[in-house]
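Please read all numbers here as calculations on a predicted model, not as lab measurements. Here, residue 1 is the first one in the sequence, and each next residue gets the next number.
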Amino acid sequence: MRARPLPTLRAGELGFTLIEVLVSLALMGMAAALLLSGLRMAGLVAMHERTTGSGLDEVIAAQRVLRTGIERLRPIARVDTSGSVVEFRGNDAVLSYVAPPLERQSPNALQRFRLARATSGDLVLYSVSTRQARIDPSGFDLVGWTPTTLLRGTSNLSISYRGAPVTGGPRTWLNEWWDRGKPPELIRIRVEFPAGDSRQWPDLLVRPRATTTTTCQVDGTTNGRCGERP
């Protein structure tokens, strides 16, 4: 008995066609891309949760507010002293300066700002318009000032100023800058948190853009404003 001959197979029946292979590879590539995108999104969400839980967002926001204001401070000339001094006062716990208003207050006249740590531990930036004639800029009374809480639950605030001492000598870090002819070269702000608090405050170093060439007087003719330095 003769064996039956094997059926003849056409070329397309020997395996996958080239088109089928390419389609399969494309589908696998799309699946891999979706998987990687999902993993990346999950990583971003996890990172956001970690930074939010550690308070990093509020620290970054607080530093941004302080940096923006101090960089744009205005060396307002004081007229109640015997010499020409700039309205900029600070010690290791309190910093007072004049700068354009915060974004939520714009447009407005120049503002007097005062950074301090409240007895509750809150880091607060107080502000008041330079048009407020009844406000004593050198006084400790904050009646009439608007408080903006930058951080809550801090344990310490330390401020220092880079420049030459009043008595002369090389530039160094000072714990006070009071009624000088120009603002300091650098301002360093350090904030500490209680033990067990996961928040961290990197040293904030700010260089004021203002120099003595931008000094002006705030009175009725300036309407509480100083011109920008060219």
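Nearest heavy-atom pair, G153 versus P194, reported as atom, atom and distance to 0.1 Å: O-CD, 3.2 Å. When all heavy atoms of P170 and P165 are compared, the closest pair comes out as O-CD, 3.3 Å. Minimum heavy-atom separation, V86 to G181: CG2-O, 3.3 Å. Minimum heavy-atom separation, V128 to G144: CG2-O, 3.8 Å.
Using a 4.0 Å cut-off between charged side-chain N and carboxylate O, E71 and R207 make no salt bridge. Ion pairing between a basic and an acidic side chain is recognised when a charged N comes within 4.0 Å of a carboxylate O; R117 and D122 show no such pairing.
No cation-pi contact links R190 to W201, judged by a cut-off of 6.0 Å to the six-membered ring centre and 45° from its axis.
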Evaluate side chain to side chain contact (heavy atoms under 4.5 Å, CB included) for V191 paired with N156, printing each intermediate quantity in order. CA-CA 6 Å; V191 175; N156 187 51; over 6 Å; no
Could you please spell out the steps behind the side chain to side chain donor-acceptor pair (under 3.5 Å) verdict for R114 and S96? CA-CA 4 Å; R114 182 170 298 177; S96 299; 3.1 Å; yes
Does L157 form a side chain to side chain contact (heavy atoms under 4.5 Å, CB included) with I189? I'd like the steps, not just the answer. CA-CA 7 Å; L157 169 65; I189 301 176; 3.9 Å; yes
Test salt bridge (charged side-chain N to carboxylate O under 4.0 Å, His left out) applied to R112 and E87, step by step: CA-CA 9 Å; R112 287 187 171 93; E87 186 176 315; 2.5 Å; yes
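Ring geometry, W177 versus Y161: the interplanar angle falls from 30° to 60°, so the pair is classed tilted.
In this structure, L66 and F113 have side chains that are not in contact, with every pair of non-hydrogen atoms separated by 4.5 Å or more. Between S120 and R152, the closest side-chain pair of non-hydrogen atoms is not below 4.5 Å. Residues N175 and N91 form no side-chain contact, since every pair of their non-hydrogen atoms from C-beta on lies 4.5 Å or further apart. With a 4.5 Å cut-off on side-chain heavy atoms, R199 and E58 count as touching. Within the 4.5 Å cutoff, the side chain of D92 has no heavy atoms near those of the S160 side chain. The shortest distance between side-chain heavy atoms of V98 and L73 does not fall below 4.5 Å. Residues L204 and I70 are not in side-chain contact: their nearest non-hydrogen atoms beyond the backbone lie 4.5 Å or more apart. The shortest side-chain heavy-atom distance between P184 and F88 falls under the 4.5 Å cut-off.
The main-chain N or O of R131 is found under 3.5 Å from a side-chain atom of S129 such that the two form a donor-acceptor pair. T154 contributes no side-chain N or O that, together with a main-chain N or O of E192, makes up a donor-acceptor pair within less than 3.5 Å. R188 places no side-chain N or O within 3.5 Å of a backbone atom of L186 that could act as its donor or acceptor partner.
Between the CZ atom in R74 and the OG1 atom in T130 there is a gap of 11.5 Å [rounded to 0.5 Å]. To the nearest 0.5 Å, atoms CG (D179) and CZ (R89) are separated by 4.0 Å. The CG atom of D203 sits 8.5 Å away from the CD atom of Q63 when rounded to the nearest 0.5 Å. Atom CD of Q111 is separated from atom OH of Y126 by 15.5 Å, given to the nearest 0.5 angstrom.
When each of T146, T149, L115 is paired with L125, the side chain to side chain contact (heavy atoms under 4.5 Å, CB included) condition holds for L115 and for no other.
Under the 4.5 Å side-chain heavy-atom criterion for grouping Ile, Leu, Val, Met, Phe, Trp and Tyr, V166 is not connected to L174 through any hydrophobic cluster. Taking hydrophobic clusters as Ile, Leu, Val, Met, Phe, Trp and Tyr residues chained together by side-chain heavy-atom distances below 4.5 Å, I159 does not share a cluster with W173. Hydrophobic cluster membership differs between V94 and V65, with clusters built from Ile, Leu, Val, Met, Phe, Trp and Tyr side chains linked at under 4.5 angstrom.
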